[in-house]
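Input: one structure, supplied below.
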Amino acid sequence: MEQKLKIYNTLKRKKQKFEPINPPFVGLYVCGPTVYGDAHLGHARPAVIFDLLYRYLKYLGYKVRYVRNLTDVGHLENDADEGEDKIAKKARLEELEPMEIAQRYINAYHKNMRQLNTIEPNIEPQASGHIPEQIKMVEQILEQGFAYEKNGSVYFDVEKYSEKYDYGKLSGRVVEDLKSNTRDLQGQTEKKNPFDFALWKKAEPEHIMRWDSEWSNGFPGWHLECSVMSTKYLGEQFDIHGGGLDLQFPHHECEIAQSTAATGNEAVKYWMHNNMITIDGQKMSKSLGNFIKLDEMFSGEHKLLEQAFNPQVVRFFMLQAHYRKPLDFSNKALKASEKGLNRLMEAMRVLEKLEPGKRSTVDISGIKEKCFTALNDDLNTPILIAHLFDGVKIINSVKAGKEALSKDDLTNLRALYSDLVYDVLGLTPEEEKANTQGNTEQLMQLLLKLRAKAKKNKDFETADAIRNELNELGINVKDTPDGAEWSMD
RNA sequence: GGUCGCGUGGCCGAGCGGUUAGGCAGUGGUCUGCAAAACCAUGUACAGCGGUUCGAAUCCGCUCGCGACCUCCA
């Protein structure tokens, strides 16, 4: 395995050669979703990008452990419906269990992830399942003197920490600036400094998810789970930590601080951040309410959508842009991706059927290298895809008889495209739906034979009627020099 | 306000000092009964103004516009 992969490390603000701590093993941790809502388009980006990274690392021969958490410890609150009969609500099963809500969204998330053809992580830990470990880390940080307790809550002492370590190294913040720029918010009177963050929070009555600890009945702070679960499953030092750019500060900065404060060691070697999906140039987010749920993308049921886009199109759309650039949603852009993807996948089918020539009339030796150069350059999938389309031209020319490929070249090209398109980019081949129904093929051949006969007799009315009605059934017929072909949507 | 980033042809989107990015759309052609697909050909792009350089979309400065983070957020 020749190692040329470079990735952009947010920590160093530059591309770096990827060198795992303990090759061939690679530890990869990615911040997953908060499971109190349906997944939207924005959630799909890190899922697809880090799935791509995972696939590529495996392709390169690394033994990767991919951990992606589920945040199920949040600010879930009771809505306290005043009008309802409180006594009736006491019935255990009539009240929604917090875990029931989380489970519902976890199930939905998993479904969406499968649709996007992402490989499931090796471990998908839930914050609620790691409360004892989180409590232990709070204790460790307290022991090291980088936290303080106040009224049952425990806060991280940023000022103390920054005397010894560099708080802000990931996000580029300076503690002095934070001091002057952080506004005083409500409920922060317990903190020594406004930029201190909670490690353990005493629960207010409306908080549903709560656990006992030596400090109070409460819940762990927002940033703690990732520090705890990443080091639990990947070790105190591991290779790659990924997540959305919006998590860089404070979430990831706090993670660094927590891990460093607890163990004295920084946990993560490479930090990778995907940029945001925007809509009309603005970040798609829950708080802005301008997001499109993945289910809506796939069904087309959203006021901004002119049509449904299948998950593969959404995946391809994201791969056509570089992961560190913002990507703006629009129907036009998605439609262009849909067409492009169809063209690529059509070429994949053509490639399988190509007959080898005596010798090659085109040089394909450079394609492979170009493709991997692009991938190795911080996962530059837009460039990779551009090269793949160059190959599509060649494939089509061979099919048209204008060019030829030797047997070896054809074999190599097939292997390359299969590796890149299916295995690395994670685009799925069209299933052979046609053959699932036993004698469909024979029936189709019968119809096409009748249609060919009609055409021969210049009975185009009948020929077109057959084609149009098949079309309505989702079957496309196209005439080629070698006779008619058919395919299903 | 502080910190960071971006502004590329009709749309999306690469590019990191000198060579065609690519996709979609458009136009002309080949093929076709018609479609579709495919193939061939086809575009005075780099926010503006200065500067550095033999040479800048690419480096520097300023101006304008947009966005992200600083609060839960992928």
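The structure displayed is predicted, hence computed values, not measured ones. Hydrogens, waters and symmetry mates play no part in the numbers below; they use all other heavy atoms, side chains included.
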Run the side chain to side chain donor-acceptor pair (under 3.5 Å) check on Glu338(A) and Gln307(A) step by step: do they pass? CA-CA 11 Å; Glu338(A) 184 175 49; Gln307(A) 64 170 77; 3.1 Å; yes

Which nucleotide in the set A21(B), C39(B), A74(B) lies at the smallest distance from any side-chain heavy atom of Asp246(A)? A74(B)

Between Asn290(A) (CG) and C72(B) (C1'), how many Å, whole number? 15 Å

Under a 3.5 Å limit on both distances, the Watson-Crick or wobble mate of A45(B) is none

What is the nucleic acid contact for Lys458(A), judged by heavy atoms within less than 4.0 Å: base, sugar-phosphate only, or nothing? nothing

Within the 3.5 Å criterion, strictly below it, is a donor on Asp459(A) or Thr462(A) matched to an acceptor on the partner's side chain? yes

If you measure from the P atom in C60(B) to the same atom in U53(B), how many Å do you get, rounded? 16 Å

Which nucleotide wins on minimum distance to the side chain of Pro46(A), given the candidates A14(B), A74(B), C16(B)? A74(B)

Rounded distance in Å between the P positions of U30(B) and A36(B): 16 Å

Got a donor-acceptor pair under 3.5 Å from the side chain of Asp464(A) to the base of G33(B)? yes

Pairwise P distance, G28(B) and G43(B) [rounded to whole Å]: 15 Å

Distance in angstrom units between Phe460(A) CZ and G33(B) C1', rounded: 3 Å

Between G9(B) and A47(B), how far apart are the P atoms? Round to whole Å, please. 8 Å

Complementary nucleotide for G67(B) - Watson-Crick or wobble, under 3.5 Å: C4(B)

Atom CZ of Arg451(A) and atom C1' of A36(B) are separated, to the nearest Å, by 10 Å

Of the listed A37(B), C40(B), A74(B), the closest approach to the Lys393(A) side chain comes from C40(B)

Under 4.0 Å: is that the gap between some side-chain N or O of Lys339(A) and OP1 or OP2 of A25(B)? yes

With no angle test and no hydrogens, is the base of A35(B) tied to the side chain of Arg467(A) by a donor-acceptor pair under 3.5 Å? yes

Classify the side-chain pair Thr10(A)/Gln248(A) by whether it contains a donor and acceptor separated by less than 3.5 Å. no

Please report, rounded to the nearest Å, how far the P atom of C4(B) is from the CG atom of Leu170(A). 14 Å

Parallel, tilted or perpendicular, judged at 30° and 60°: which one describes the rings of His223(A) and Phe197(A)? perpendicular

Residue-phosphate contact under 4.0 Å: Arg173(A) side-chain N/O, C4(B) OP1/OP2: no

Tell me what Gly42(A) touches on the nucleic acid: a base, only sugar-phosphate, or nothing, going by heavy atoms under 4.0 Å. base

Considering only heavy side-chain atoms of Ala463(A), the closest of A21(B), A68(B), G33(B) is G33(B)

Would you classify Val477(A) as touching base, sugar-phosphate or nothing, given that sugar-phosphate means primed atoms plus P, OP1 and OP2, and contacts are heavy atoms under 4.0 Å? base

Taking any heavy-atom pair under 4.0 Å as a contact, classify Pro33(A): base, sugar-phosphate, or nothing. sugar-phosphate

Has the side chain of Lys283(A) got a donor or acceptor atom sitting under 3.5 Å from an opposite partner on the base of C73(B)? yes

Side chains of Asn193(A) and Val158(A) in contact at under 4.5 Å (non-hydrogen atoms): no

Nearest whole Å is fine: how far is G67(B) P from His273(A) NE2? 22 Å

Base, sugar-phosphate alone, or nothing: which one does Leu327(A) contact when heavy atoms must sit under 4.0 Å apart? sugar-phosphate

Within the 4.0 Å heavy-atom criterion, would you say Leu245(A) contacts the bases, only the backbone, or no part of the nucleic acid? nothing

The side chain of Ser285(A) lies closest to which of these nucleotides: G13(B), C73(B), C16(B)? C73(B)

In terms of the angle between their ring planes, are His273(A) and His252(A) parallel, tilted or perpendicular, with boundaries placed at 30° and 60°? tilted

What contact category does Ala336(A) fall into here, base, sugar-phosphate, or nothing, at under 4.0 angstrom with non-hydrogen atoms? base

Are any of Thr34(A)'s side-chain N or O atoms less than 4.0 Å away from OP1 or OP2 of A74(B)? yes

Would you classify Gln248(A) as touching base, sugar-phosphate or nothing, given that sugar-phosphate means primed atoms plus P, OP1 and OP2, and contacts are heavy atoms under 4.0 Å? nothing

Phosphate-side-chain proximity, Asn396(A) and C39(B), N/O vs OP1/OP2 below 4.0 Å: yes

Write down the distance separating the C1' atoms in C64(B) and C49(B), rounded off to the nearest Å. 10 Å

Taking for each residue the nucleotide of RNA chain B bearing the nearest heavy atom, is the 5' side occupied by Asn380(A) or by Lys335(A)? Asn380(A)

Of the nucleotides A74(B), G23(B), G33(B), which has the atom closest to the Lys455(A) side chain? G33(B)

Between Thr278(A) and Val392(A), who's closer to the 5' end of RNA chain B by nearest nucleotide? Val392(A)

A38(B) phosphate, OP1 or OP2, under 4.0 Å from Arg343(A) side-chain N/O: yes

State which of G33(B), G23(B), A74(B) makes the closest approach to the side chain of Asp479(A). G33(B)

Do Asp328(A) and C12(B) have a side chain to base donor-acceptor pair shorter than 3.5 Å? no

Does C16(B) have a Watson-Crick or wobble mate here (both distances under 3.5 Å), and if so which one? none

Taking the six-membered ring of Tyr29(A) as reference, does the NZ or CZ atom of Arg68(A) fall below 6.0 Å from its centre and within a 45° cone about the axis? no

With C1' as the reference atom in both, quote the distance from U42(B) to G5(B) in angstrom, rounded to an integer. 36 Å

How far does the P atom of G13(B) sit from the matching atom of G67(B), given to the nearest Å? 16 Å

Rounded to the nearest angstrom, tell me the gap between atom CG in Leu375(A) and atom P in A14(B). 15 Å

Span that lies between the P atom of G50(B) and that of A14(B), in whole angstrom: 29 Å

Looking at Asp409(A) and Arg414(A), is there a salt bridge between them, counting it only when a charged N and a carboxylate O are closer than 4.0 Å? no

His252(A) NE2 to U71(B) P, straight-line distance once rounded to whole Å: 16 Å

Check the distance between G22(B)'s P and Phe316(A)'s CZ and give it to me in whole angstrom. 14 Å

NZ or CZ of Arg173(A) within 45° of Tyr167(A) ring axis and under 6.0 Å: no

For A35(B), which nucleotide in any strand shown is its Watson-Crick or wobble partner with both distances under 3.5 Å? none

